[in-house]
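Take a look at the structure set out below.
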Amino acid sequence: MASSLSKESPVNNPGLQATPDEATKAYFVQLSMFRIKDPKASLDFYSRILGMSLLKRLDIPEGKFSLYLLGYEDTALAPTNPVNRTVWTFGKKATIELKHDWGTESDPEFKGYHNGNTEPVGFGQTGITVDDTYKACERFDRLGVEFVKKPDEGDPKGVAFIKDPDGYWIEIYDLNTIRQSTAAAS
């Protein structure tokens with residue numbers, strides 16, 4: 001007999017807290033950080049290829065690194081005061097932080113970072129929702145983006161994976177494809 005409870009019910013997910021603690025009411029996922037070798041290549045990819053805007057740049061001389069926070073926000077709405085803009089940026093949901101340790105872009109000994117998809121596997125990918133996966137991938141192909149999986153290769157159909165300049169995987173999908181490819185699992 002099938003359960004009348006949804007798959008998301010705590011009964012069907014041991015360890016899941018039924019009601020979040022009131023103290024966590026204002027929490028949200030703000031960013032995921034990726035270490036990058038070359039900010040010029042990465043900023044080009046995330047802004048020109050994926051259409052993100054640079055929300056804030058922070059340079060940390062004592063640590064010899066810079067942070068680039070990017071997302072899909074209208075930067076015309078950002079405060080002009082640098083401190084207020086930083087606070088505004090950290091108040092936005094689902095941003096990407098690119099961390100550049102100074103000098104890696106010109107260090108011939110620097111081999112890059114682990115992308116999580118080679119042994120030992122760990123981190124998998126980030127995901128970007130687009131209006132049409134196939135049209136987006138045609139554009140990515142014209143722009144010379146490296147694919148891990150094109151939309152008609154393997155399963156699920158209609159979902160693609162591309163690589164950023166540091167080899168991190170980015171899953172590309174549209175909402176219609178998600179509806180079709182996850183119907184049986186839903």
Side-chain angles (χ1 to χ4, degrees), residues 28-58 65-75 78 89-90 92-186:
F28 62 91
V29 176
Q30 197 276 317
L31 65 78
S32 292
M33 186 270 278
F34 301 96
R35 288 179 170 84
I36 60 169
K37 178 179 180 175
D38 182 357
K40 182 178 179 184
S42 293
L43 289 171
D44 176 67
F45 177 85
Y46 283 96
S47 64
R48 184 174 60 87
I49 305 292
L50 292 181
M52 291 184 177
S53 296
L54 179 62
L55 308 179
K56 183 65 183 174
R57 174 179 164 174
L58 298 167
F65 66 88
S66 294
L67 303 174
Y68 302 87
L69 291 109
L70 296 106
Y72 293 105
E73 299 291 339
D74 183 353
T75 56
T89 298
F90 280 90
K92 300 302 172 193
K93 294 180 180 178
T95 65
I96 291 179
E97 177 183 88
L98 304 177
K99 180 181 186 272
H100 172 241
D101 292 311
W102 300 347
T104 55
E105 70 281 9
S106 58
D107 181 354
E109 302 298 315
F110 182 75
K111 303 294 183 216
Y113 297 105
H114 189 281
N115 71 7
N117 288 295
T118 56
E119 292 297 328
V121 294
F123 172 81
Q125 74 270 355
T126 189
I128 303 289
T129 301
V130 297
D131 56 345
D132 182 306
T133 302
Y134 289 91
K135 285 182 183 175
C137 288
E138 287 171 9
R139 179 176 170 273
F140 297 152
D141 206 24
R142 283 193 313 272
L143 295 171
V145 173
E146 183 179 353
F147 283 83
V148 176
K149 176 194 172 302
K150 291 191 175 183
D152 284 332
E153 297 173 349
D155 285 319
K157 298 291 186 217
V159 175
F161 288 85
I162 60 175
K163 287 185 181 181
D164 84 350
D166 290 281
Y168 296 114
W169 291 16
I170 300 168
E171 187 174 7
I172 305 296
Y173 44 80
D174 61 56
L175 297 180
N176 288 328
T177 300
I178 291 298
R179 180 183 321 282
Q180 294 165 9
S181 67
T182 63
S186 293

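As the structure is a computational prediction, the values presented were derived from the model and not from experiment.
Proximity of a side-chain donor or acceptor of Arg48 to a complementary backbone N or O of Leu43 within less than 3.5 Å is not detected. No donor-acceptor pair under 3.5 Å is formed between the side chain of Glu138 and the backbone N or O of Ala136. With hydrogens and angles disregarded, no donor-acceptor distance shorter than 3.5 Å links the side chain of Lys99 to the backbone of Leu67. Counting only distance, with no hydrogens or angles, the side chain of Asn115 and the backbone of Asp166 share no donor-acceptor pair below 3.5 Å. Listed for the Lys149 side chain is no donor-acceptor partner under 3.5 Å among the backbone atoms of Glu171. At distances below 3.5 Å, at least one donor-acceptor pair connects side-chain atoms of Thr95 with backbone N or O atoms of Gln30.
For Thr133 against Pro151, the heavy-atom pair with the smallest separation is CG2-CG, 4.1 Å. For the residue pair Phe90 and Leu31, the shortest heavy atom distance occurs at CE2-CD2, 3.9 Å. Here the closest heavy-atom approach between residue Ile49 and residue Arg139 is recorded as O-NH1, 2.7 Å. Leu54 approaches Tyr68 most closely through the heavy-atom pair CD1-CB, 3.9 Å. Pairing each heavy atom of Ser66 with each of Trp102, the nearest pair is OG-NE1, 2.9 Å. Taking all atoms of both residues into account, the shortest heavy-atom contact from Ala160 to Cys137 is CB-SG, 3.4 Å.
Annotation: the span from Leu143 atom CG to Ile162 atom CD1 amounts to 10.0 Å, rounded to 0.5 Å. To the nearest 0.5 angstrom, Leu98 atom CG is 10.0 Å from Met33 atom CE. In this structure, CG in Asp101 is found 13.0 Å from NZ in Lys37, a value given to the nearest 0.5 Å. For the atom pair Leu50 CG and Asp44 CG, the distance stands at 10.5 Å (nearest 0.5 Å). Of the inter-residue distances, the one linking Phe34 atom CZ with Thr126 atom OG1 reads 4.5 Å to the nearest 0.5 angstrom. Note that CG of Asp132 and CD1 of Ile172 are 12.0 Å apart. Values are rounded to the nearest 0.5 Å.
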Let me see the working for Thr104 and Asp38 under side-chain contact (heavy atoms from CB on, under 4.5 Å), right down to the final yes or no. CA-CA 7 Å; Thr104 55; Asp38 182 357; over 6 Å; no
Output, in order, the C-alpha distance, side-chain angles, deciding distance and verdict of side-chain contact (heavy atoms from CB on, under 4.5 Å) for Glu105 and His100. CA-CA 9 Å; Glu105 70 281 9; His100 172 241; 2.6 Å; yes
For side-chain contact (heavy atoms from CB on, under 4.5 Å), just list the numbers for Leu69 and Lys92, CA-CA rounded to whole Å, side-chain angles, deciding distance to a tenth of an Å, and then say yes or no. CA-CA 10 Å; Leu69 291 109; Lys92 300 302 172 193; over 6 Å; no
Evaluate the criterion side-chain contact (heavy atoms from CB on, under 4.5 Å) for residue pair Tyr173 and Thr129; output intermediate values, then yes/no. CA-CA 5 Å; Tyr173 44 80; Thr129 301; 3.2 Å; yes
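In this structure, Tyr113 has its ring center closer than 6.0 angstrom to the ring center of Phe110.
You'll find the side chain of Ile96 stays beyond 4.5 Å of the side chain of Tyr72, heavy atoms only. Using a 4.5 Å heavy-atom cutoff, the side chains of Tyr46 and Ile170 are in contact. Contact check for Pro120 versus His114: side-chain heavy atoms found under the 4.5 Å cut-off.
Ring pair Tyr168/Phe123 is perpendicular by interplanar angle, where above 60° counts as perpendicular and below 30° as parallel.
Applying side-chain contact (heavy atoms from CB on, under 4.5 Å) to Val148 and the options Gln125, Glu153, Lys163 leaves one that passes, Lys163.
Within 6.0 Å of NZ in Lys135 there are 12 or fewer heavy atoms belonging to other residues, nucleotides or ligands.
For the 3.5 Å distance criterion, the side chains of Asp174 and Tyr134 fail to qualify, holding no donor opposite an acceptor.
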